[in-house]
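Along the sequence shown, residues are numbered consecutively beginning with 1. Scope of the values below: all heavy atoms of this structure, side chains included, with no hydrogens, waters or symmetry mates.
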Amino acid sequence: MANFSKSTVPQFSVEVYQNEYLPEGGREVNAIVTVTATGGGTSGGRPLADAAGQPAPGGAPDAAVVIMVDSSGSMEYPPTKMRNARDATAAAIDTLRDGVAFAVISGTHQAAEVYPGGGRLAQASPATRALAKDALRRLRSGGGTAIGTWLRLADRLLYSADVAIRHGILLTDGRNEHESPEDLRATLDACAGRFTCDARGVGTDWEVKEVTGVASALLGSADIVADPAGLTADFTRMMETAMGKEVADVALRVWTPQGAGIRFVKQVAPTVEDLTGRRTEAGPRAGDYPTGSWGDESRDYHVCVRVPDAGVGQEMLAARVALVLPAPGGGTPRTLAQGLVRAVWTTDMAASTQINPQVAHYTGQAELARAIQSGLDARKAGDVDGATARLGRAVQLASASGNEDTAKLLAKVVDVVDAVTGTVRLKAKVAEADEMTLETRSTKTVRVKK
């Protein structure tokens, strides 16, 4: 991907929250790392497109977006679904900044270019927006669903432009029935790190794990739009967020000393996302974990390090956590900000047994996400006792952490007898949209009050 000059990169800061004190023999260090980016400073320097949609003098656009619209036959049931999808895509196109490269794909069991065609991207301008919306009006539904083919075409189009930010928006209303799960997984593996992608399921006939799997692999957001009438507002918000991104390819680099190792690295806010398995080696005892694209925003990460045993009174640097930006040509990456994780061994039981509030909060939020997923899986399998126990625990965790949005979603699936103790009863009848909404949004977290 294209790199940024120093003046265009947002200012990053890193704050580390932890209890550094370990008891004698203690070997596990937990820390919450808050990363904040502010002020990218690129708004004044974005090149515009001319009336014909060609880049204005002064360089290429800084971003490219491809919108993938499900056009399978099921999008006509009811007919308002396809109409809403066209309207939502048109609204997203209107939200594009001038000069941003873009394309629209029609997705069935194949992928076809709707606009501009010819294996290329257009540059957003009043003229190209009008042409794209005219092409959308001619979009018709028919055929099956093979999401991997849509993503592969999006990848080719996005990489036809020399831009910094590459982003996809994917909408589907059905299950991925015209390619194997292995083919979709291979496509996601191939596209990971090349572009980010937000995924949306419209209606209730799609598979939650497929949509959330796309967003997870490509470091985007996933959500349900149960009523197609809500697509326009959702697409507009997604595009506004995409247009706010200023820098891509930022990695969370974690260095550990000799004898120490990483147990896990997870994003824990605004959603839970386990990054442990996505590590790429970055020199002696250091590894990079992808974070995707950044605008003005803040995220929290849970870093767990296993350290060698040391004697009482000893202290050590358990980890160094930095935000790094790759250099062109494989040179030395630029360090944007860093923080330190410490370990101190003590006989003071009060100090060593105190759990840091941030660590405790996000440990609970990660357990909340797992409890919802396992509870819903048990419910689908007919395991009433297991579902009741796990969803009851989820209610208890949501209540204790102040996660009101998740608590409201849980209350549509279970009758809450006592939130504090997690006493619940499964509802006899649950609207499919309510269950899918809970599952899709199960990883959304609330920030800890610091």
Going by atom types only, do Asp300 and Tyr362 share a side-chain donor-acceptor pair under 3.5 Å? yes
Which pairs of donor and acceptor atoms, one on a side chain in residues 302-329, lie under 3.5 Å apart (sequence neighbours left out)?
{"from": "His302", "atom 1": "NE2", "to": "Asn30", "atom 2": "OD1", "distance (Å)": "2.9"}
{"from": "Glu315", "atom 1": "OE2", "to": "Arg342", "atom 2": "NH2", "distance (Å)": "2.8"}

Contact check, side chains of Thr388 and Val424, non-hydrogen atoms, under 4.5 Å: yes
Glu435: which residues meet the salt bridge (Lys or Arg N to Asp or Glu O under 4.0 Å) condition with it, sequence neighbours left out? Arg379
So, using salt bridge (Lys or Arg N to Asp or Glu O under 4.0 Å) as the criterion, who are the partners of Asp377 when residues are at least two apart? Lys209
Are there over 12 heavy-atom neighbours, none belonging to Glu404, within less than 6.0 Å of that residue's CD? no
Please determine if Arg200 and Asp234 form a salt bridge, counting it only when a charged side-chain N lies under 4.0 Å from a carboxylate O. yes
With sequence neighbours left out, what residues match Gln365 under side-chain hydrogen bond (donor to acceptor under 3.5 Å, both in side chains)? Ser401, Asn403
Does the side chain of Leu340 reach to within under 4.5 Å of the side chain of Val16, using non-hydrogen atoms? no
Asn176 vs Glu207 side-chain heavy atoms within contact, under 4.5 Å: no
Partners of Trp150 by ring-ring contact (aromatic ring centres under 6.0 Å, His included), sequence neighbours excluded? none
Could you check whether any side-chain N or O of Thr291 sits under 3.5 Å from a backbone N or O of Val250, counting only pairs where one atom can act as donor and the other as acceptor? yes
Sequence neighbours excluded, the answer for salt bridge (Lys or Arg N to Asp or Glu O under 4.0 Å) partners of Arg253 is Asp288
Neighbour count >12 (heavy atoms, 6.0 Å) for atom NZ, Lys412: no
Donor-acceptor under 3.5 Å (Glu367 side chain, Leu397 main chain): no
Can you check side chain to side chain contact (heavy atoms under 4.5 Å, CB included) on Val33 and Val14, steps first, answer last? CA-CA 7 Å; Val33 179; Val14 170; 3.6 Å; yes
Under a plain distance cut-off of 3.5 Å, with no hydrogens placed, do Thr196 and His167 share a side-chain donor-acceptor pair? yes
Check Arg175 with Asp205, please: is the shortest side-chain N to carboxylate O separation under 4.0 Å? no
Considering only NZ, NE, NH1 and NH2 on the basic side and carboxylate oxygens on the acidic side, decide whether Arg299 and Glu273 come within less than 4.0 Å. no
Flag, side chain of Thr276 to backbone of Val265, donor-acceptor distance under 3.5 Å: yes
With a 3.5 Å distance limit and no angle check, can you tell me whether Ser216 reaches the backbone of Thr212 through a side-chain donor-acceptor pair? no
Between Asn19 and Ile355, is a side chain to side chain contact (heavy atoms under 4.5 Å, CB included) present by the stated rule, with each step listed? CA-CA 7 Å; Asn19 176 15; Ile355 300 176; over 6 Å; no
If only side-chain N and O atoms count, and only distance matters, is there a donor-acceptor pair under 3.5 Å linking Arg278 with Tyr289? no
Any Val341 side-chain heavy atom under 4.5 Å of Val29 side chain: yes
Once you round to the nearest 0.5 Å, how far does CD of Glu179 lie from OG1 of Thr145? 9.5 Å
Applying side chain to side chain contact (heavy atoms under 4.5 Å, CB included) to Ser13 and not counting sequence neighbours gives Thr36
More than 12 foreign heavy atoms under 6.0 Å from CD of Glu28: is that the case here? yes
Thr346: what forms a side-chain hydrogen bond (donor to acceptor under 3.5 Å, both in side chains) with it, not counting sequence neighbours? none
If you take all heavy atoms of Ser374 and Arg390, which pair is closest and at what distance? OG-NE, 3.2 Å
Short question: side chain of Glu182, backbone of Ser180 - any donor-acceptor pair under 3.5 Å? no
Distance col, row Lys245:NZ vs Asp296:CG, nearest 0.5 angstrom, shows 10.0 Å
Using modelled atom types and a 3.5 Å cut-off, is there a donor and acceptor pairing between side-chain atoms of Ser399 and backbone atoms of Val395? no
Results of salt bridge (Lys or Arg N to Asp or Glu O under 4.0 Å) for Arg129 - residues two or more places apart only: Asp98
Can you tell if the side chain of Glu439 reaches within under 4.5 Å of the side chain of Lys380, non-hydrogen atoms only? yes
Strictly by salt bridge (charged side-chain N to carboxylate O under 4.0 Å, His left out), give each pair with a member in residues 418-433 just once, sequence neighbours left out. Asp415-Lys427
Spell out, as yes or no, whether a donor-acceptor pair under 3.5 Å connects the side chain of Arg166 to the backbone of Ala161. yes
CD1-OG1 distance between Ile372 and Thr443, expressed to the nearest 0.5 angstrom: 9.0 Å
Begin with the C-alpha distance, continue with both residues' side-chain angles, and end with the deciding distance and a verdict on side chain to side chain contact (heavy atoms under 4.5 Å, CB included) for Val66 and Phe195. CA-CA 10 Å; Val66 172; Phe195 66 95; over 6 Å; no
Can you pull out every ring-ring contact (aromatic ring centres under 6.0 Å, His included) where at least one residue sits in residues 218-238? Sequence neighbours excluded, please. none
Under the 3.5 angstrom rule, does the side chain of Thr271 hit a backbone N or O of Lys444 as a donor-acceptor pair? no
Under 3.5 Å side-chain donor-acceptor pair for Asp173 and Ser74: yes
Going by atom types alone, do Arg393 and Gln396 pair a side-chain donor with an acceptor below 3.5 Å? yes
How about OH on Tyr21, more than 12 heavy atoms from neighbouring residues, nucleotides or ligands closer than 6.0 Å, or not? no
Value rounded to 0.5 Å, distance of CZ in Arg152 from CG in Leu157: 13.5 Å
Taking only residues two or more places apart in sequence, or in another chain, which ones meet Thr89 in a side-chain hydrogen bond (donor to acceptor under 3.5 Å, both in side chains)? none
Compare all side-chain heavy atoms of Ile67 with those of Phe102 and state whether any distance is below 4.5 angstrom. no
What distance separates Thr353 OG1 from Leu22 CG, expressed to the nearest 0.5 Å? 11.5 Å
Are Asp405 and Arg441 within salt-bridge range, i.e. N to O under 4.0 Å? no
Minimum heavy-atom distance between Thr95 and Met243, given as atom pair plus value: O-CG, 3.8 Å
